[in-house]
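Below is one structure, written out as structure tokens; comments come after it.
Values reported hereafter were calculated over all heavy atoms of this structure, with side chains retained and with hydrogens, waters and symmetry mates removed.
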Amino acid sequence: MIATRLLLASAIALVTACGSSGACESPYSASPQFKDCGFVNAPNPDAKPTANAARIWWRFLVGTKTDTVPVDAIPVRPLTTAQLEALDPQANHVIRIGHASTLLKLRGKFWLTDPMFSERASPFGFMGPKRFHAPPIALQQLPAIEGVIISHDHYDHLDAPTIEYLAQRAQRFFVPLAVGKRLLSMGVPAERITELDWWQSAKQGEVQVTATPSQHFSGRTLSDRSETLWASWVIQSGPQRIFYSGDTGYFDGFKKIGERFGGFDLAMIENGQYDAWWPSVHMTPEEDIQAFEDLRAKVLLPVHNSTFDLAFHTWHTPLDRIADLAAEKRIDIATPEIGEVVTVGQPRTNVRWWAGLK
């Protein structure tokens, strides 16, 4: 067990180890987010300090976890290509694939956010955090993909085997600055990659996407921390706007995004993998609710939970807390089962599917 956890801690450390800084030449030096040879978060005097990295990894190695992996099966609604094709092509639909991955049908065209279909969120196929459930549809059964949106390059959001499969099958990939080099190494043709800085927009067909600020970090090896940018995203499809937070701590950027775009029909906000030891890069459920209110959104759809064990809270606590808070504040919340279709702007009866599961 200790050997296994040592390997796991080493794998996770690959994602968050610090890189070097200093003077350098970079094609991204004109970006306001680029400083001292790497990307940085916007100034936030209210950001809470993160614990020492060595302490965090030691905790992952020897700390005790309780109820972080479900005993009972997570409910999954299997999907077929025919079912997806039959969805109303004039509407916008959202389907959770798991973790932060969603399949969107935007007025007839299919999109993916942070597609993660692999068994493990890890640089290694034989070790690392393992999925609690299978995706509701196999990667090979996906319909033609119009666009892929990537929030940042961590392994649970940028999954190499999934991207390698989609490389020649998805029409376009939208990524934050410098993430394009990751995709190139995974076989994505350069002409299919669009890199965006915060507040920059691009279109694919009738859909417009805008990279917006988030408060996080990036890196996939021991020496590349913050070499690539991270972002949240605004997706405009017809008259409706969808927000996707990516990974982020709470910051005043949510208010700025809400003010600039005038609100959202649906906000997909990270809800899970938070901890008092890293409070500035993930949000608590209470902060999720504040972010939702700042964004001026109509419906809250929590993501980043129920698929991987990446923190110390129980697997169901993020959903318990955010559902209770939404009820207290009378916020319209959508907690669909994996594979369940949520149609933006249409009423639905919400169910706490995790209630009673161990």
Over 12 foreign heavy atoms within 6.0 Å of CH2, Trp277
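More than 12 heavy atoms, drawn from other residues, nucleotides or ligands, come within 6.0 Å of this atom.
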
Compute whether any side-chain donor of one residue and acceptor of the other, for [X] and [Y], lie under 3.5 angstrom apart.
X      : Y      : answer
Gln215 : Asn41  : no
Thr210 : Ser201 : yes
His152 : Ser218 : no
Asp247 : His304 : yes

Restricting to side chain to side chain donor-acceptor pair (under 3.5 Å), what partner residues turn up for [X], sequence neighbours left out?
X      : result
Thr248 : none
Arg172 : Thr194
Asp288 : Asn271
His313 : none

Under 3.5 Å, which donor-acceptor pairs link side chains of residues 259-269 to any protein atom two or more places apart or in another chain?
{"residue": "Asp265", "atom": "OD1", "partner": "Lys298", "partner atom": "NZ", "Å": "3.4"}
{"residue": "Asp265", "atom": "OD2", "partner": "Arg241", "partner atom": "N", "Å": "2.9"}

Filter on salt bridge (Lys or Arg N to Asp or Glu O under 4.0 Å), then keep only pairs touching residues 269-286, sequence neighbours left out; what's left?
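Matches after skipping sequence neighbours: Arg59-Asp275, Glu286-Arg321.
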
Any salt bridge (Lys or Arg N to Asp or Glu O under 4.0 Å) involving residues 140-154? Give me the pairs, sequence neighbours left out, ordered by first then second residue.
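Found Asp153-Arg182.
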
Who are the ring-ring contact (aromatic ring centres under 6.0 Å, His included) partners of Phe34, not counting sequence neighbours?
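Phe39.
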
Partner residues of Trp315 under the ring-ring contact (aromatic ring centres under 6.0 Å, His included) criterion, sequence neighbours left out
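Counting only residues at least two positions away or on another chain, Trp315 forms no ring-ring contact (aromatic ring centres under 6.0 Å, His included).
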
Salt-bridge contact [X]-[Y] (side-chain N to carboxylate O under 4.0 Å):
X      : Y      : result
Glu340 : Arg96  : no
Asp324 : Arg352 : yes
Lys329 : Glu293 : yes
Lys181 : Glu227 : yes

Are any non-hydrogen side-chain atoms of [X] and [Y] less than 4.5 angstrom apart?
X      : Y      : result
Tyr155 : Pro123 : yes
Ile145 : Leu103 : yes
Val179 : Leu229 : no

With Val94, the side chain to side chain contact (heavy atoms under 4.5 Å, CB included) member among Val303, Val299, Leu301, Val341
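It is Leu301; the other options fail the test.
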
For Pro189, what residues pass the side-chain contact (heavy atoms from CB on, under 4.5 Å) criterion, not counting sequence neighbours?
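Pro189 satisfies side-chain contact (heavy atoms from CB on, under 4.5 Å) with Gln168, Glu191, Arg192 once adjacent residues are dropped.
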
Would you say the ring centroid of His154 lies under 6.0 angstrom from that of Phe217?
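Under 6.0 Å, so yes.
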
According to ring-ring contact (aromatic ring centres under 6.0 Å, His included), does anything in residues 316-358 pair up with another residue at least two apart or in another chain? List the pairs.
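For residues 316-358: none.
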
Side chain to side chain donor-acceptor pair (under 3.5 Å) contacts in which one or both residues fall within residues 330-339, not counting sequence neighbours:
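Of all non-adjacent pairs touching residues 330-339, those that pass side chain to side chain donor-acceptor pair (under 3.5 Å) are Arg77-Glu337, Thr335-Asn350.
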
Quick one: closest heavy-atom pair of Arg120 and Met127, and the distance?
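That closest heavy-atom pairing would be CD-O, 3.3 Å.
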
